[in-house]
Amino acid sequence: MREKRPLILVGNDDSYSFNGIKMLIKVAREFGDVVVSAPLVHQSGKGGGITITEPLRATLKVDEPGYKVWVVNGTPADCCKLALDQLLDGRVPDLVVAGINHGLNVGVALLNSGTIGYTMEGCVHGIESVAFSYGNYSYDADMAQCEPVVRDVIARVLRTGLPKGVCLNVNMPYGTGPFKGYKVTTTCMGRWVHEFEHRVDPNGHDYYWMTGDYAPDYPADESTDVYNLKQGYVTVTPCHVDQTDREAMSQISDLLR
């Protein structure tokens with residue numbers, strides 16, 4: 001028998017102490033029981049990576065009726081996988097949400113994003129899953145502008161569901177004024193350039209600090225997330241967990257004959 005209140009699993013990659021996940025938890029609790037499974041420390045850039053060389057440990061920080069917070073010494077994907085398998089008392093979530101990430105997750109950054117990695121794990125298990133990101137990268141970013149969007153998207157997804165194997169990547173712009181509305185977008189393909197800055201430490205040793213600029217392949221393409229964020233829209237990109245390029249299968253078959 002299904003529980004009366006929906007169960008929502010919440011996580012992120014910035015760690016459990018960031019403002020983004022605090023806002024996401026606040027809104028999620030309006031809709032149902034909430035279990036948080038989040039990294040102990042900052043895990044940005046870990047993508048869908050998992051821990052296989054050391055044991056995972058989960059610490060229960062909050063245990064209240066309808067609300068639990070677990071902190072895990074692993075990656076975002078670890079946190080989601082462990083929760084689904086061990087931390088939910090046998091319940092299956094009605095929704096997995098990740099974020100609110102401090103910084104956008106657009107373009108090929110999806111390949112490295114721990115926020116997306118968390119969301120994809122939910123999608124793999126057949127659960128409606130949504131990633132939320134905001135264009136303010138500051139540790140103490142004010143997430144108030146995001147609250148209505150998060151509330152609206154959660155309500156819609158719980159009400160209508162998502163296509164099988166599809167999760168949503170929701171990005172909210174920062175510094176463009178009030179949001180203009182939603183745009184369903186494609187991922188802006190491109191690449192990072194000038195990715196590292198060469199520095200020298202006080203002992204005269206070289207080291208490299210990750211930096212870089214994103215160079216879109218088609219910066220004027222009005223269908224992309226990057227373009228529409230600059231126009232002040234909240235972008236919603238449907239992402240498919242199955243990465244097979246079916247259109248290319250016949251061409252690859254010809255190549256291998």
Side-chain angles (χ1 to χ4, degrees), residues 8-18 20-21 23-25 28 34-58 69-88 92-93 95-135 137 150 153-154 157 162 164-172 187-189 191-192 195 210 212 214 225 235-244:
I8 302 175
L9 176 62
V10 179
N12 70 348
D13 68 2
D14 291 318
S15 87
Y16 76 103
S17 63
F18 272 58
I21 195 170
M23 175 61 75
L24 191 54
I25 292 167
V34 167
V35 174
V36 178
S37 179
L40 174 65
V41 297
H42 199 272
Q43 294 281 334
S44 290
K46 296 301 175 71
I50 55 175
T51 302
I52 59 175
T53 57
E54 59 185 75
L56 294 177
R57 303 186 188 279
V69 177
W70 292 92
V71 177
V72 180
N73 66 326
T75 68
D78 286 333
C79 294
C80 187
K81 290 168 75 72
L82 186 65
L84 294 175
D85 192 69
Q86 296 287 327
L87 306 180
L88 301 180
V92 177
L95 179 66
V96 170
V97 289
I100 302 167
N101 194 68
H102 290 231
L104 299 173
N105 277 308
V106 295
V108 296
L110 272 65
L111 299 174
N112 306 114
S113 166
T115 306
I116 301 299
Y118 198 109
T119 308
M120 284 290 186
E121 281 297 331
C123 193
V124 165
H125 285 81
I127 303 165
E128 322 288 0
S129 301
V130 183
F132 293 97
S133 301
Y134 185 43
Y137 292 77
V150 173
V153 171
I154 287 178
V157 172
L162 294 171
K164 183 178 180 180
V166 172
C167 56
L168 299 183
N169 180 29
V170 179
N171 282 277
M172 295 164 277
T187 298
C188 182
M189 300 307 296
R191 67 193 187 283
W192 290 94
E195 291 192 74
M210 181 168 281
Y214 193 64
D225 46 15
T235 63
V236 181
T237 306
C239 298
H240 207 296
V241 72
D242 181 356
Q243 299 185 48
T244 307

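Note on residues 100-121: pairs passing ring pair (Phe, Tyr, Trp, His ring centres under 6.0 Å), not counting sequence neighbours, are Phe18-His102. Within the structure, salt bridge (Lys or Arg N to Asp or Glu O under 4.0 Å) contacts touching residues 102-113 (residues at least two apart or in different chains) do not occur. Judged as a salt bridge (Lys or Arg N to Asp or Glu O under 4.0 Å), the pairs with a partner in residues 98-121 (not counting sequence neighbours) are, in order, Lys81-Glu121.
Residues forming a side chain to side chain contact (heavy atoms under 4.5 Å, CB included) with Val108 (at least two apart in sequence, or on another chain): Leu111, Met189, Trp192, Tyr214. Evaluation of the salt bridge (Lys or Arg N to Asp or Glu O under 4.0 Å) rule for Glu128 yields no partner, not counting sequence neighbours. For the side-chain hydrogen bond (donor to acceptor under 3.5 Å, both in side chains) test, no residue two or more places apart in sequence or in another chain qualifies with Thr235. With sequence neighbours left out, Ala38 forms a side chain to side chain contact (heavy atoms under 4.5 Å, CB included) with Asn12, Tyr16, Ile21, Val36. Partners of Thr51 under the side chain to side chain contact (heavy atoms under 4.5 Å, CB included) rule, at least two apart in sequence or in another chain, are Glu54, Leu56, Thr75, Asp78. In terms of the side-chain hydrogen bond (donor to acceptor under 3.5 Å, both in side chains) criterion, Thr187 has no residue partners (sequence neighbours excluded). Under the side-chain hydrogen bond (donor to acceptor under 3.5 Å, both in side chains) criterion, Thr115 pairs with Asp13, Asn101, sequence neighbours left out. For the side-chain hydrogen bond (donor to acceptor under 3.5 Å, both in side chains) test, residues two or more places apart in sequence or in another chain that qualify with Asp242 are Thr244, Arg246. Contacts of Ala58 classified as side chain to side chain contact (heavy atoms under 4.5 Å, CB included), with partners at least two apart in sequence or in another chain: Trp70, Val72, Leu82, Leu87.
Side-chain atoms of Ile116 and Cys239, non-hydrogen and from C-beta on, never get closer than 4.5 Å to each other. Between Met120 and Cys167, some side-chain heavy-atom pair lies under the 4.5 Å cut-off. Side-chain contact between Leu110 and Thr237: absent, with no pair of heavy atoms (C-beta onward) separated by less than 4.5 Å.
The two residues Gly74 and Cys79 have their closest heavy-atom pair at O-SG, 4.3 Å. Across every non-hydrogen atom of Gly48 and Ala77, the tightest pair is O-CB, 3.7 Å. Heavy atoms only, all atoms of each residue included: Leu40 and Val71 are closest at CA-CG1, 3.4 Å. Here the closest heavy-atom approach between residue Gly122 and residue Cys80 is recorded as N-SG, 3.8 Å. Of all non-hydrogen atoms in Leu95 and Ser129, the two that sit nearest each other are CD1-N, 4.4 Å. Taking all atoms of both residues into account, the shortest heavy-atom contact from Gly103 to Ser133 is O-CB, 3.3 Å.
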message = Could you go through Asp14 and Ser44, starting from their C-alpha distance and side-chain angles, then the distance that decides it, and tell me whether this counts as side chain to side chain contact (heavy atoms under 4.5 Å, CB included)?
response = CA-CA 6 Å; Asp14 291 318; Ser44 290; 3.3 Å; yes
inquiry  = Applying side chain to side chain contact (heavy atoms under 4.5 Å, CB included) to Asn105 and Asn169, what does each step give before you reach the verdict?
reply    = CA-CA 8 Å; Asn105 277 308; Asn169 180 29; 4.2 Å; yes
task = In sequence, state the C-alpha distance, the side-chain angles, and the governing distance for Val150 and Leu24, and then conclude on side chain to side chain contact (heavy atoms under 4.5 Å, CB included).
result = CA-CA 7 Å; Val150 173; Leu24 191 54; 3.6 Å; yes
inquiry  = Does Leu84 form a side chain to side chain contact (heavy atoms under 4.5 Å, CB included) with Ile127? I'd like the steps, not just the answer.
reply    = CA-CA 10 Å; Leu84 294 175; Ile127 303 165; 3.7 Å; yes
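When Val35, Val10, Leu88, Ile8 are each tested for a side-chain contact (heavy atoms from CB on, under 4.5 Å) with Pro93, only one passes: Leu88.
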